[in-house]
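Inspection log for the structure reproduced underneath, given as structure tokens.
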Amino acid sequence: MPKRRVSRSSGGTFQLLKVHSVDRNAQLYRLIPCSGRDALIEEIRANDVTILLGETGSGKTTQVPQYILESGLARNGMIAVTQPRKVAATSLAHRVAAEQNGTIGDLVGYAVRFDEKSSPQTRIKYLTDGMIVRELMSDSTLSNYSVIIVDEAHERTLRTDLLIANLKEIQKVRNQPQDAKGKGNANSTNPLKIVVMSATLDAEKFSKFYHNAKILYVKGRQHPVKIYHSAESQLDYADAALRTFFQIHTDRPPGDVLIFLPGQEDIESLQKSIDLFAKQLPSDKPAVLTCSMFAAQEHSQNNKAFNPPPPNTRKCILATNIAETSITIPGIKYVIDTRKCKEKQYLARLSGGGFDTLLTRDITKSSAMQRSGRAGREGSGVCFRLYTEDAFNNMAISGEPEILRCSLTSSILNLKCLGQNLEELDLMDKPDSDSIASALKTLWLLGAIDNNQKLTPSGRQMALFPLEPQYACAVVASKEYACTSEILDSVSVLSSSSKLFLDISEQRDAVAEARRKFRHGSGDHHTVLNAVRAYREIAASENKHARREWCRKHFLNERTFLEARDIREQLVVTCRRVGIDPSVSAKDNEDPVIRSMGHGLAGNSAFLQPDGTYKQTMGQTIVKVHPGSTLCDKKVPAIIYDDLMYTNQIYARGVSAIPKSFFMSLSVFKQRKA
DNA sequence: GAGCACTGC
């Protein structure tokens with residue numbers, strides 16, 4: 001089928017084209033032109049669900065909500081726009097508020113964790129997908145909204161998937177036509193419109209899920225990017241990237257280079273090689289400045305990639321997926337795509353709990369397109385794919401949705417509170433039965449559900465805490481052990497998005513030395529507590545600058561402390577609600593803290609074997625203590641751990657020693673062993 | 001002897 005792309009200027013800020021049919025094999029969209037804004041509003045007015053397919057830079061996320069507002073389609077309620085990321089939600093809201101000439105929180109607002117700006121006047125609200133899923137718990141039909149726009153739906157985050165499934169159910173209730181007796185359904189006066197926004201390639205799946213909803217196409221404003229594939233497949237992607245970079249450097253006009261690599265290890269070694277070769281360049285060639293970018297790296301270091309290079313210098317940025325969606329680096333004209341990324345995948349196991357794997361794998365087509373697009377943000381660019389065109393054509397269209405590759409423990413607990421079962425939910429992709437069974441077993445071990453899979457009173461309490469069920473269980477248990485204050489300190493740090501202990505490979509010895517100050521013989525949980533206590537002392541007596549300097553000197557991430565403080569405040573409120581005194585402290589008594597954690601982490605435990613290895617108490621897996629743990633190289637009879645991660649071996653992270661006798665007192669353990 | 005990226009009550 002020939003590619004037939006008909007477009008007409010819309011007069012608005014973007015062009016709108018209606019997709020008539022999708023030819024999957026050719027992967028071309030046959031497009032029928034519409035006239036922009038009015039046509040879009042008419043389509044949304046006429047249909048319960050609209051799928052909006054759009055290239056990046058089309059402005060759909062900022063413009064469409066405003067069009068809907070001005071059209072009066074949302075007269076009965078707010079317009080929600082959901083985002084997978086907090087920064088996106090807040091920055092989009094600020095931009096749209098400015099376009100509406102208003103202050104943020106007035107007509108246009110946002111809601112993300114720890115930060116909400118909205119008022120009774122708010123009509124357009126940007127929120128994270130997690131936030132709206134949470135709202136579902138208190139208002140099961142989301143009655144405050146008349147239009148819900150699900151943005152970045154193609155990312156298929158766990159929460160977006162749960163939202164999409166629930167929205168289908170909500171529409172059944174709210175969009176019911178008046179019944180034959182003329183007795184109108186109370187809800188039919190407040191129907192719900194759904195707009196699903198997605199990047200190209202996978203729109204058809206959303207359409208099928210929503211009873212063949214119409215797909216509309218929004219044309220983007222990206223600059224053209226010339227794409228080169230390699231003629232033959234490359235065995236060594238790092239070496240291929242090195243050669244490609246110097247080819248660009250010697251043959252191509254000025255412009256910075258962005259290299260996508262799977263992880264920190266590859267980044268650091270390739271950076272060294274490039275620096276080494278760059279020194280040997282003839283003096284008439286421009287110089288090379290390399291920067292690296294990955295999440296575990298200090299912010300100040302990551303930020304160097306944003307600085308313009310000195311005159312007559314080409315900047316080369318080596319980055320992980322962090323530069324694919326979350327961060328946009330200015331000045332990039334060339335992209336080198338190694339085809340690789342690392343992805344976390346949860347491996348459900350019926351005995352001993354599941355564990356995460358973190359392995360290098362091939363990227364997907366949408367990822368490859370996203371990467372090449374990074375060369376066309378400011379002008380035309382070039383992308384060098386270190387793989388053949390065949391390889392590209394054979395890539396999966398998009399990644400596996402998160403719901404198929406993460407632990408379901410938390411989601412199942414939350415759904416149980418809503419009276420829903422994950423198995424019965426109409427999801428776009430259903431997790432396999434092993435994954436569900438493994439989560440149910442964990443919940444049973446925690447005492448959150450009974451033998452009939454019914455929520456227990458303490459399970460209902462756990463669900464109220466903004467924590468993984470394991471840590472919520474530890475908080476609930478801390479009441480009995482009179483150490484809630486310490487457990488809150490501990491779990492708030494463990495639940496933070498960033499790690500507390502920074503690792504800088506070049507300063508390994510200095511890092512180890514600084515860490516020794518907080519080191520606690522019983523393991524990582526008390527080591528974290530020691531760091532929290534030390535920071536609290538500094539924070540009480542020193543100013544902001546001194547605090548920051550103290551953290552830097554001890555290789556501690558201050559952002560983690562600050563985030564943990566916010567989380568702790570939320571936990572204190574929840575504790576009071578369920579009758580747990582958050583201020584009760586065990587003082588210097590260490591044992592209660594370990595035992596409380598032991599209740600949450602009973603399934604994450606292992607006994608020392610005669611041969612010196614650790615074997616799971618509730619499974620057969622041999623686990624190794626992670627080298628970053630204070631208990632590495634130490635042998636204790638029994639350990640609990642925060643999680644297992646398989647990279648080269650199965651490593652237990654966040655490890656503490658626990659008396660072996662503790663397990664004998666646990667009823668679930670006795671039941672389990674029997 | 002080692003760390004893809006996000007997010008939430």
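Just so you know, these numbers use all the heavy atoms, side chains as well, and skip hydrogens, waters and symmetry mates. Here is how names work: the chains are called A, B, and so on, in the same order as the sequence lines, proteins then strands, and each is numbered from 1.
At a threshold of 4.0 angstrom between heavy atoms, the contacts of Glu468(A) include nucleobase atoms, whether or not backbone atoms are also involved. Among the atoms of the strands shown, only primed sugar atoms or phosphate atoms (P, OP1, OP2) are found under 4.0 Å from some heavy atom of Arg85(A). Residue-level contact check: Ile322(A) touches the backbone only, with heavy atoms under 4.0 Å from sugar-phosphate atoms and none from bases. Residue Leu158(A) is out of contact with every strand shown, counting any heavy-atom pair closer than 4.0 Å. Backbone-only contact: Lys86(A) has heavy atoms under 4.0 Å from sugar-phosphate atoms and none from a base. Among the heavy atoms of the strands, none lies under 4.0 Å from Val133(A). Among the heavy atoms of the strands lying under 4.0 Å from Ser497(A) is at least one base atom, whether or not backbone atoms are also near.
Protein atom CG of Leu127(A) is 11 Å distant from nucleotide atom P of dG8(B), rounded to whole Å. Spacing between atom CZ of Arg653(A) and atom P of dC4(B) amounts to 10 Å, rounded to whole angstrom units. Here dC4(B) presents its P atom at 8 Å from CD1 of Ile267(A), a figure rounded to the nearest Å. In this structure, Tyr646(A) atom OH and dG3(B) atom C1' are separated by 16 Å, rounded to whole Å. If you measure from atom CG of Asp642(A) to atom C1' of dA2(B), you get 16 Å, rounded to the nearest angstrom. Summarising the geometry, the separation between CD on Glu400(A) and P on dC4(B) is reported as 20 Å, rounded to the nearest angstrom. Residue Glu155(A) contributes atom CD, which lies 19 Å from atom P of dC4(B) at whole-angstrom precision. Atom CD of Glu116(A) and atom P of dG8(B) are 12 Å apart (whole Å).
Salt bridge absent: Arg339(A) and Asp337(A) never bring a charged side-chain N and a carboxylate O closer than 4.0 Å.
Sorted by residue number, the members of residues 456-465 of chain A with any non-hydrogen atom under 4.0 Å from DNA chain B read Ala463(A), Leu464(A), Phe465(A).
Counting only N and O atoms by type, the side chains of Thr160(A) and Glu152(A) include no donor and acceptor under 3.5 Å apart. Under 3.5 Å, the side chains of Arg371(A) and Asn321(A) contain a donor-acceptor pair of N or O atoms. No side-chain donor-acceptor contact under 3.5 Å links Glu155(A) and Thr157(A). A donor-acceptor contact closer than 3.5 angstrom is absent between the side chains of Glu468(A) and Ser495(A). Between the side chains of Tyr237(A) and Asp266(A), at least one donor N or O lies within less than 3.5 Å of an accepting N or O.
Looking at which nucleotide of DNA chain B each of Ala295(A) and Asn414(A) is closest to, the 5′-most match is held by Ala295(A). Of the two residues near DNA chain B, Tyr651(A) and Gln570(A), the one whose nearest nucleotide lies more 5' is Tyr651(A).
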With a cut-off of 3.5 Å and sequence neighbours excluded, list every side-chain donor-acceptor pair involving residues 353-362 of chain A.
residue: Thr357(A); atom: OG1; partner: Gln345(A); partner atom: O; Å: 3.2
residue: Arg361(A); atom: NH1; partner: Glu343(A); partner atom: OE1; Å: 3.1
residue: Arg361(A); atom: NH1; partner: Gln345(A); partner atom: OE1; Å: 3.4
residue: Asp362(A); atom: OD1; partner: Lys340(A); partner atom: NZ; Å: 2.6

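Here the nucleotide nearest the side chain of Thr320(A), chosen from dG8(B), dA2(B), dA5(B), is dA5(B). Checking dC4(B), dG8(B), dA5(B) against the side-chain heavy atoms of Lys344(A) singles out dC4(B) as nearest. Of all nucleotides listed (dG1(B), dG3(B), dC6(B)), dG3(B) comes nearest to the side chain of Gln264(A). Closest contact between the side chain of Ser410(A) and the listed nucleotides dG8(B), dA5(B), dA2(B) involves dG8(B). For Phe294(A), whose side chain is taken as the heavy atoms from C-beta onward, the closest listed nucleotide among dA2(B), dG8(B), dA5(B) is dA5(B).
For dT7(B), the OP1/OP2 oxygens have no side-chain nitrogen or oxygen of Thr128(A) closer than 4.0 Å. Residue Thr325(A) has no polar side-chain atom (N or O) positioned under 4.0 Å from OP1 or OP2 of dC6(B).
Classification of the His626(A)-Tyr651(A) ring pair by plane angle, with boundaries at 30° and 60°, yields perpendicular.
In the interface, the side chain of Arg159(A) is paired with the base of dT7(B) through a donor and an acceptor atom under 3.5 Å apart.
With Asp161(A) as the fixed residue, the salt bridge (charged side-chain N to carboxylate O under 4.0 Å, His left out) test singles out one of Arg156(A), Lys205(A), Arg405(A): Arg156(A).
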Any chance you could encode DNA chain B as dot-bracket? Rule is Watson-Crick or G-U wobble with both distances under 3.5 Å; [ ] for pairs crossing earlier ones, | for another strand. .........
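Both tests pass for Lys365(A) against the ring of Phe392(A): distance under 6.0 Å to the centre and angle within 45° of the axis.
Rounded to the nearest 0.5 Å, atoms OG (Ser140(A)) and CD (Glu169(A)) are 11.0 Å apart.
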